[in-house]
Amino acid sequence: MALALEGKSALVTGASKGIGLGMATAFAQEGAAVMISSRKQEGLDAAAAGIQEIVPGARVETFAANAGEPDQAEACVAATVERLGSIDVLVNNAGTNPVMGRTIDADLGAWDKTFRVNVRGALAWTQLAWRATMQEHGGSVINISSVGGISGTSGIGAYNITKAALIHLTKVLAVELAPQVRVNAIAPGLVRTDFARALWEPGGDDAGKYLPLQRLGEPDDISGGAVFLASDAARWITGHVLVIDGGALVARSPV
């Protein structure tokens, strides 16, 4: 079954680099019109130019918005509908992890910020997309969680707790928004991005050697799963968490 996304419009948050940019690029390669959003316009301009270099003629729009601020999210959703006509695919990829350390020692201000972006933000963007077009026309929501939301580890506990909450939010919304909208999640393992640099850089060339597939993930490793979940090939899949982690969970690794 084809994974083509021709005729569809996708909105991807946190899409100026890393996993978000990889997914937006893959959507464009499969024929979707794409709105990419992140906090800084200059990063979005560079990302859009990069997508169009890889996919000449791709329809790529940009809108700067802080994913944790509902008024900015509302403006971005409205701009997406105005420019692209609809939102067929929403990817809640934007996330934050302001601190590392033991959860018991967590600063409550940083804790609140992490939940505001990673959980409340995902709900707010989904509410807006639902009300704007999805309730009437249907669609697919993809929440980017983490294997840390499945297997608890220390060091980034607050972040992992938000990702566990995002998985449960995915399941609840999958029930509530059916049959019009499918809601699924992707749980990446350790991917070589700037966002996760503090986790993989200390390992140097040996980072990822402990995994069954013996390497860290790259943003493109996540993109295929996102294209699948956004496409009609996944039309009978909702409430699912797709783990893409190089085998980390089955190997019981401390990612």
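- Taking CG of Leu177 as the start and CD of Gln135 as the end, the distance is 9.0 Å to the nearest 0.5 Å.
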For residues 98-106, dump all side-chain donor-acceptor pairs below 3.5 Å to protein atoms at least two apart in sequence or in another chain.
residue: Arg102; atom: NE; partner: Asp105; partner atom: OD2; Å: 2.9
residue: Arg102; atom: NH2; partner: Asp105; partner atom: OD2; Å: 3.2

Donor-acceptor pairs are to be reported for all side-chain atoms of residues 76-83 against protein atoms at under 3.5 Å, with residues two or more places apart or in another chain.
residue: Thr80; atom: OG1; partner: Cys76; partner atom: O; Å: 2.8
residue: Arg83; atom: NH1; partner: Glu61; partner atom: OE1; Å: 3.3
residue: Arg83; atom: NH1; partner: Thr62; partner atom: O; Å: 2.9

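- Nearest heavy atoms, Val34 versus Ala28: CG2-N, 4.0 Å.
- Remark: side-chain polar atoms of Asn184 are not paired, donor with acceptor, to backbone N or O of Leu229 under 3.5 angstrom.
- A donor-acceptor pair under 3.5 Å is absent between the side-chain atoms of Ser151 and the main chain of Gly148, judged by distance alone.
- Rounded to the nearest 0.5 angstrom, Arg59 CZ and Met35 CE are separated by 8.5 Å.
- Under the 4.5 Å side-chain contact rule for hydrophobic residues, Ile51 and Val91 share a cluster.
- Residues Ala187 and Ile150 come closest through the heavy atom pair CB-CD1, 4.0 Å.
- Side-chain atoms of Leu11 and Val89, non-hydrogen and from C-beta on, never get closer than 4.5 Å to each other.
- A pairwise comparison of heavy atoms in Ser86 and Thr133 identifies CA-CG2, 3.9 Å as the closest pair.
- Of all the heavy atoms in Ser146 and Ile167, the pair that sits closest is O-CD1, 4.5 Å.
- For residues 28-40, there are no salt bridge (charged side-chain N to carboxylate O under 4.0 Å, His left out) pairs, not counting sequence neighbours.
- Residues satisfying the side-chain hydrogen bond (donor to acceptor under 3.5 Å, both in side chains) criterion with Asn143, sequence neighbours excluded, are Asn92, Thr170.
- Partners of Phe63 under the ring-ring contact (aromatic ring centres under 6.0 Å, His included) rule, at least two apart in sequence or in another chain, do not exist in this structure.
- Residues Ser16 and Leu44 form a side-chain contact, since some pair of their non-hydrogen atoms from C-beta on lies under 4.5 Å apart.
- With Asp88 contributing its side chain and Gly138 its backbone, the two residues share no donor-acceptor pair below 3.5 Å.
- With sequence neighbours left out, Ser223 forms a side-chain hydrogen bond (donor to acceptor under 3.5 Å, both in side chains) with no residue at all.
- No continuous path of hydrophobic side-chain contacts links Val227 to Val141 [ILVMFWY only; heavy atoms under 4.5 Å].
- Between Phe228 and Ile237, some side-chain heavy-atom pair lies under the 4.5 Å cut-off.
- For Lys8, the salt bridge (charged side-chain N to carboxylate O under 4.0 Å, His left out) criterion is met by Asp232, not counting sequence neighbours.
- To the nearest 0.5 Å, atoms CD1 (Ile142) and CG (Asn93) are separated by 10.5 Å.
- Scanning for ring-ring contact (aromatic ring centres under 6.0 Å, His included) contacts around Trp130 gives an empty result, with sequence neighbours left out.
- Both Leu242 and Ile222 are members of a single hydrophobic cluster when ILVMFWY side chains are connected at heavy-atom separations under 4.5 Å.
- The stretch residues 106-131 participates, sequence neighbours left out, in no salt bridge (charged side-chain N to carboxylate O under 4.0 Å, His left out) pair at all.
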- Message: The test is side-chain contact (heavy atoms from CB on, under 4.5 Å); show your working for Trp111 and Ile161 and say whether it passes.
- Response: CA-CA 10 Å; Trp111 173 276; Ile161 291 166; 3.8 Å; yes
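- Within 6.0 Å of CD on Gln127 lie more than 12 heavy atoms contributed by other residues, nucleotides or ligands.
- One hydrophobic cluster holds both Leu5 and Ile186 under the rule that ILVMFWY side chains link at heavy-atom gaps under 4.5 Å.
- The shortest side-chain heavy-atom distance between Leu216 and Val191 does not fall under the 4.5 Å cut-off.
- For the side-chain hydrogen bond (donor to acceptor under 3.5 Å, both in side chains) test, residues two or more places apart in sequence or in another chain that qualify with Asp221 are Arg215.
- The side-chain hydrogen bond (donor to acceptor under 3.5 Å, both in side chains) search around Ser145 returns none, not counting sequence neighbours.
- Residues Leu123 and Leu169 meet the side-chain proximity criterion, which asks for heavy atoms closer than 4.5 Å.
- Between Gly149 and Ala164 the shortest heavy-atom distance is O-CB, 3.3 Å.
- You'll find the side chain of Phe27 stays beyond 4.5 Å of the side chain of Ser231, heavy atoms only.
- Following chains of ILVMFWY side-chain contacts shorter than 4.5 Å, one cannot reach Val117 starting from Leu90, and the two form parts of different hydrophobic clusters.
- The line from CG of Asn66 to OG1 of Thr13 is 10.5 Å long, rounded to the nearest 0.5 Å.
- Here the side chains of Ser140 and Val181 are not in contact, with every heavy-atom distance at 4.5 Å or above.
- Note: Arg235 CZ to Arg182 CZ = 10.0 Å, rounded to the nearest 0.5 Å.
- Expressed to the nearest 0.5 Å, how far CD1 of Ile36 lies from CG of Asp45 amounts to 8.5 Å.
- Taking Ile, Leu, Val, Met, Phe, Trp and Tyr as members and joining any whose side-chain heavy atoms lie under 4.5 Å apart, directly or through other members, the hydrophobic cluster of Val55 also contains Ile54.
- Counting heavy atoms from C-beta outward, Met23 and Ile144 have side chains that approach closer than 4.5 Å.
- Across all non-hydrogen atoms, the minimal contact from Leu84 to Ala10 is CD1-O, 4.4 Å.
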